[in-house]
Structures are given as structure tokens and as C-alpha cells.
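Lettering follows sequence order; numbering is per chain, from 1. Since the structure is predicted, the reported quantities are computational estimates derived from the model, not experimental observations.
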2 protein chains.
Amino acid sequence: MEKKVSIKDIAKLLGISISTVSFVVNGKAKEKRISEPLTKKVLELVEELGYKPDALAKSFRTGKTNIIGFLVDDISEPFFSGIARFIDEKASQNGYKIIYSSTRNNKTKAQELLQIFQDRHVDGYIIALPNGLEDEVKSLTMSRKPVVLFDRYFPDIKADYVIINNHEGTFNAVKHLKDKGYRNIGFITIDTIEQQMLDRLSGYEDAIKSEGLKSHVKKLTYGPSSELIQDVSAFLKEEKGLDAIICATNYITMAGLRAIQQLGLKIPDDIALLSFDDFELLEFSAPPITAVAQPLEEIAENIMNLLLKRLNSSKSDEEQFEVVLPTVLNVRSSTVVKL
Amino acid sequence: MEKKVSIKDIAKLLGISISTVSFVVNGKAKEKRISEPLTKKVLELVEELGYKPDALAKSFRTGKTNIIGFLVDDISEPFFSGIARFIDEKASQNGYKIIYSSTRNNKTKAQELLQIFQDRHVDGYIIALPNGLEDEVKSLTMSRKPVVLFDRYFPDIKADYVIINNHEGTFNAVKHLKDKGYRNIGFITIDTIEQQMLDRLSGYEDAIKSEGLKSHVKKLTYGPSSELIQDVSAFLKEEKGLDAIICATNYITMAGLRAIQQLGLKIPDDIALLSFDDFELLEFSAPPITAVAQPLEEIAENIMNLLLKRLNSSKSDEEQFEVVLPTVLNVRSSTVVKL
DNA sequence: CTGAAAGCGCTTACAG
DNA sequence: CTGAAAGCGCTTACAG
């Protein structure tokens, strides 16, 4: 291990000042009107010695860490880890790295984690707003660090958002089922005020209305999966006439699958099943389950593009960006033609 | 936003030197023999003004970033994202943060990523050794930064390891199947020299021998899943007598499920299925699939404990630690009694 | 028991 | 066109 070469070494070897080296290395040779030959000499020596500016010193001096904080409920959830992967790729390409944390539905912990990000001088934040953290995130958006929110929409917080078109997602799901011959389409969601869930519900109801069908909605109370399964079972038994159901989130789909299994029903012969949110299990299920998919890579790309734009613009733009991405309906055998 | 208070502010307000403040803040008051009353005064003012040492300045000065680099094939794989979650929790508790990257099976990229970690002065590394990166990681272990490897074992690299007992995992799987009445147990693996796969194979073969059964091994060539499915199909057709198969990795299990489905076989009546590596899908499959599970939290915990031990011991211990954790067999209906 | 000072490796206004 | 110097906020040997 040779010792790390510093800007001083370069300057000394060439008999010039460190300012000059710094300018050249940072590509400001032209701007600072350093002569061509000197610039070249510096660059050659830099190359030869493999000099790299020390990231720590630079961060300390400039206050920029090139680190972005990524805060979600649980990094091990497929949706979030998928986003994490793409975000890292895009960030790495642009010289940034991601530090992440999972709030695990714990408000105090979430506050601490946000504080840690601040203490570490992250340059920006990517957050799927955790429950109860509205105030903290709101005040964060007031600070000078860019914040991009995704997944959850919260009208009170003015910030950059990347979300999907939930309304359209369920709307199209209903239309798909209608096209395939289903007439009694149920919708199972969770009793909540989260905006994305409300949008999914209204997408369902608008489609039901415009297709001239009858609405069958079940709002579950969030709880352990055994209870969810029971509640779905009860709903299916009550509403005998249903020939299709749409489950509004991945865990409701899980409960739905279990309930259908327990009741001894066949998909899609007895009942069709459609999931909001797509994940590997659905593709390998027997039969494979039709799902409304969120475009992970596009979401990640849009998040990073927004963030990079903010990071690179000195003046804090007042304009607020909201990117709404379309969902994709992955049609599989759980919703084949019913005739 | 008030301006950040620095160590200077504290010192000036109290009319003392910054050295004294620094010592007190870093808990060296006793050691440096600062008087009780002064120590108390300092701590009170620190509390009152909410002074926190600037992490950046500290890192710059000490060379310690309290950041750990986490390098895996793909952070969005359930196994790795699960580890990522637990590692972050443990790390955060100890004042460390994780930056991660996915190598995505790309050697050049992996080298770059390792370089980025170095440039950013991470304090330590957690790595699931990517293919072809043996030399780089080897030389990394020679450096003074602690490195903990996990998941993959590579005998040539002397480092701290946290791995699971693969041999025992398949050994017990075979015994379980024998107990349940299966006699013609096949093993489907991949043709590779990766140590963990070899261990799984030898675990199978040792158990087959000790149980007095006949060995049926298929080594697939790694390729797109459609090919894997075909090859598994072919194997099942060839070996008509099989009443159970063990799939050596999660993606082979996927291929196995598909192949069994395509051949119109019933689990477990026609054939029992057992997966090495457990994941959500298996639990929700119809029927649920028995699996050898890797204890995620324990793995993460052991990784962090090893790393923290290294980080806190000044002298670089020559001793090398290898933690081998037992697997857990999650018995489900895919391997019920055959009578 | 406490303080004055060097220095970590950079960037950047200022001077010439 | 180039250099001397301040300073970012800390830690830590050294001095008294």
C-alpha cells in the first residue's frame, strides 16, 4: 500500500501552487485561465500518480457528501428493494451513493433516522412517507435540501412527488374484467385515509358506474393476516353472487388467495382474482394471477431525475413537480374469458 | 433555521479552550482530568444549545466515516434485501450506516463499486463474493479495513465469514423425506464449483448413503429459466421412479414447480418437492412447499457482531472467524407422509 | 487541571 | 496567467 498522494504532492513535484492543481483537477482550467501546457502537465502527473481528490476532505470543505438518504417502511419489501436497486444504479452513475433505513412503522424511530440523515449531511432525501411523519417531512421540505416523495401522496406536503396513477389502475382492471365477461366484481380494500388507497377505490367505483355494474366493496380493518383471511372469507360467503374480486394491495391478495383456497373455490372458474401490485408469487401461482403492476424502474428513474435536477440547480426552484406514472395490467389466467 | 453551533461557540461562551470542550464532549473528561464542575458546565451548555459535533469534520479529521459498504449481486433479491434490512438495524444502533450496491454479475462494475467504497473511506465491508472478484476481495482483506464475507465461501480467501451449514441442510432434508416414506429422492442442482453448492450436494449424497438409498443427481447448466424448466422436465421423465426431489436453490425450485405443473404431476401425490432456500412464494403455493430456510436475522446479526468487534479492536487480530449457522427445515404439505 | 496551536486535504476569494 | 493564504470543525500531541 503506497501512501495516498495529495494535492500538495502534485503541486510540489511540479513546483506550482495547490490552487492551480485544484483548478485543473476540477475542470476549471479554462475558467481560471490556466495555460494549456501547464494544464496538460498537471493532468499527466495526476494520471501517472493516480491522484484522486480525497472525498472526505472535499465533503468537509464543500458541505456536499454526495450521499442521498432513502427512507421507507421496510427495505426488504419487494417493492422497496426493487426501487432501491434501480435508484442505486442511477445514483452510482451520477456519483451519488444511497444510505437507507427502514422505519418499520415506528414513528419515534423514523424521527431518529431522519435526524441521522441530517447529521450526516445527506445531499437529498427520497422518502415513502411513513405514517405520522407528516410534520417532520413537511419541515424537511422547507429546508434547503431537496426531497422527493414517492409511493404515498399527501396533499398537505408541497414537494416533488413520483407516484402512480392508482385511479386508472383499478379503472382499467374493472374494464378488463367486464371485457372478459365478469359482471359481479367485488373490491376488497383496507379502511384507511391513505390517498393511494382512496384513489384505487374511486377508480373502481367510477369504472363500475361507467360500465353500469353494481358495486361490492369490502373495507377490511388492518390486522394480522389470519384476521384478514377470515374477513375476506366472510365477505365471499356473504356476497354469493361475486364472480370476480380485485384486491387493493399485495397483502390483501395474499389473504384473498388463502380465503379462496380455504373455501375450496377454483380460480377462475368459481371466481376470478385480480391483484393491485404485482409480485413474483403471482406469476408462479397456480393459476398465475392477473395484476396491476407498478413500473419499478420508471419510478426509480423519475425519482432520481427529479432529485438530480434539484441537486444541480443552485437556485431553489419554487415550482413543484408531480410525476404520475401509468400502471401496467399484466393479464394472466386468473381472469380468463368467462363464458 | 438557526445556525449550527460549533465547538468554538461553546468554548467562547464559557471562556475556555476548544480542547477542553472536545475532551468533555468525547467523554474523555476523566482521562484528561478535567474538573468535575467544569465538565458539568460544559455538558449543560452543550445540552442547552443542542450542540452536536459535526460528523463531516470529525470524519475528515479521524478518517472514520462510520459507513459500511455492502456489496451483493442484487439488493432486490429477497435473501439480500432481508439481510440488508437486519444489517441496517444493527448498524444504526451502533452509529453506523450502510451504503450498498448491486454488482449484477458484472465484474467490471463490481470492481468499480469496490473502488467507490474505498474512495469514500468506508470503515468496513460486508460482501457476498461476486464471481470473478476473488483477487480484488483478497487484496481488500490484506488492507487494514475489516471485511466480513457471507453467503459464499471461498477457501482461498482468509477472512471472517458468516455462512450456513449447507451440508447439514440437505442431509436433514433427505432424512426428513425418508422418514415420510419417500425412497427415490432426486437432487437437482447446478453445475458449478461454488462451495456452497458442492456442500449441498455432498450433504445429499452422504445422507443417501447413510440411509441406504440410491442417488439420483441432475446437474443443470445455468441458463434462462425456460431452459432450466425444460431440463428439469427431461430429468423427471427420464427418472420415472422418483417420488421426491430436492431443488438446490430458489431458482431451481421455481423451474421445478413449473416443470411439475407442465407434466401434469400432483404434489405431493405424484412427487414430493423440497426447496433449499425458503421464500414467501413457497408458503403461499398450493400446496405449500417444504423448505430449508436460512436464518436471515441470525446471519445479519453475526455479520454485524463480527464487524463491530473488528472495528472496535485497534490491533488487527490475526485470528480468523468463521461462523457456520444451522439451517431450519420448514415442513409443509409438499412432503407429507406417503403411504 | 487547562490552553495554544498544528494539521487533516481541500476550495476559493483575493492579490498581483 | 499564477500563488499565498484563510478557513471548513474537529482532534490531539505538547507545554505549562
May I have the distance from Glu31(B) (atom CD) to dC1(C) (atom C1'), rounded to whole angstrom? 14 Å
Could you tell me whether Asp123(B) and Lys97(B) make a salt bridge, using a distance below 4.0 angstrom between a side-chain N and a carboxylate O? no
Residues from residues 9-19 of chain B lying under 4.0 Å of DNA chain C - heavy atoms: Gly15(B), Ile16(B), Ser17(B), Ser19(B)
Would you mind reading off the distance between His121(B) atom NE2 and dC8(C) atom P, rounded to a whole angstrom? 14 Å
Indicate the ring-plane relationship of Phe60(B) and Phe60(A), choosing parallel, tilted or perpendicular according to the 30° and 60° boundaries. parallel
For the side chain of Asp54(A), counting heavy atoms from C-beta on, which of dC10(D), dG3(C), dG9(C) is nearest? dG9(C)
Rounding to a whole Å, what distance do you find between Lys52(B):NZ and dC10(D):P? 13 Å
Round to the nearest Å and state the distance from Asn26(A) atom CG to dG9(C) atom C1'. 12 Å
Look at all strands and tell whether Lys28(A) reaches a base, only sugar-phosphate, or nothing, counting heavy atoms closer than 4.0 Å. sugar-phosphate
Taking Arg61(B) first and then Asp54(B), would you say they form a salt bridge - that is, a charged N and a carboxylate O separated by under 4.0 Å? no
As a check on the pairing definition, encode DNA chain D in dot-bracket form, counting Watson-Crick and G-U wobble pairs whose two distances are under 3.5 Å, and using | for partners outside this strand. |||.||||||||.|||
Parallel, tilted or perpendicular: which fits the ring planes of Tyr161(A) and Tyr153(A), with parallel below 30° and perpendicular above 60°? tilted
Quick check, does Phe60(A) stack with dC10(C)? I mean ring centres under 5.5 Å and planes off by under 30°. no
Over how many whole Å does the gap from Lys58(B) atom NZ to dC10(D) atom C1' extend? 9 Å
One should read off an interatomic distance between Ser101(A) OG and Glu112(A) CD, to the nearest 0.5 angstrom, of 10.5 Å
Nearest to the side chain of Ile34(A), which nucleotide is it out of dG9(D), dT2(D), dT12(D)? dT2(D)
Quick one: label Ser22(B) by what it contacts on the DNA or RNA (base, sugar-phosphate, nothing), any heavy atom closer than 4.0 Å. base
Just by distance, with hydrogens left out, do Ser59(A) and Lys64(A) show a side-chain donor and acceptor under 3.5 Å apart? no
Between atom CZ in Arg61(A) and atom C1' in dC10(C), what is the gap in whole Å? 7 Å
Check Glu36(B) with Lys40(B), please: is the shortest side-chain N to carboxylate O separation under 4.0 Å? no
Can you tell me which nucleotide in dT11(C), dA13(C), dT2(C) comes closest to the side chain of Phe23(A)? dA13(C)
Contact check, side chains of Leu149(A) and Asp160(A), non-hydrogen atoms, under 4.5 Å: no
Report the relative orientation of the aromatic rings in Tyr125(A) and Phe117(A); use parallel for angles under 30°, tilted for 30 to 60°, perpendicular for over 60°. tilted
Measure CG/Leu56(A) against C1'/dC8(C) and give the value in whole Å, please. 10 Å
Among dT2(C), dT11(C), dG9(C), the one nearest Thr62(A) by side-chain distance: dT11(C)
What is the distance, rounded to the nearest whole Å, between atom NZ of Lys8(B) and atom C1' of dG3(C)? 16 Å
